[in-house]
Amino acid sequence: MDGYEDLDPDEIAFAPVEGVGERLALLTLDEAHSLLAWLRQVTGEGGRHAPAAGRWAKEIAARVPSQE
């Protein structure tokens, strides 16, 4: 199995969708690549925000097609 066979979905507390607010507009591909480049720069410079920037860069890179 996948290790989740003992998980009971009824015991999980999900955040309510109502009141969460409006979703942000989707990024264009160019905007996503610009953001990814900036996050990689922040990661490369080190410092306090580098770990978070690295995590976000990985998340975005996994979802955005590579530049040609």
Side-chain angles (χ1 to χ4, degrees):
M1 293 304 266
D2 60 7
Y4 296 103
E5 52 274 349
D6 294 328
L7 184 66
D8 183 1
D10 293 329
E11 294 180 5
I12 300 173
F14 293 99
V17 176
E18 312 83 37
V20 171
E22 206 175 299
R23 286 184 65 115
L24 293 173
L26 297 176
L27 296 174
T28 66
L29 191 55
D30 285 340
E31 290 169 334
H33 283 291
S34 294
L35 177 58
L36 183 56
W38 181 78
L39 288 167
R40 287 179 172 155
Q41 179 180 349
V42 171
T43 302
E45 291 174 356
R48 183 174 90 156
H49 299 291
R55 284 191 298 277
W56 279 108
K58 288 178 186 175
E59 290 292 330
I60 292 171
R63 292 172 171 83
V64 174
S66 60
Q67 276 182 315
E68 294 180 16

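If you read the sequence from its start, that first residue is 1, and numbering goes on from there.
The salt bridge (charged side-chain N to carboxylate O under 4.0 Å, His left out) contacts involving residues 53-65 comprise Glu59-Arg63, where partners must be two or more places apart or lie in separate chains. Pairs passing the side chain to side chain donor-acceptor pair (under 3.5 Å) check and including a residue from residues 37-54, sequence neighbours excluded, read Gln41-Glu45.
With sequence neighbours excluded, the residues satisfying side chain to side chain contact (heavy atoms under 4.5 Å, CB included) with Leu27 are Glu31, Ala32, Leu35.
The shortest heavy-atom contact between Val42 and Ala53 is CG1-CB, 3.6 Å.
Side chain of His33 to backbone of Pro65: a donor-acceptor contact under 3.5 angstrom is found.
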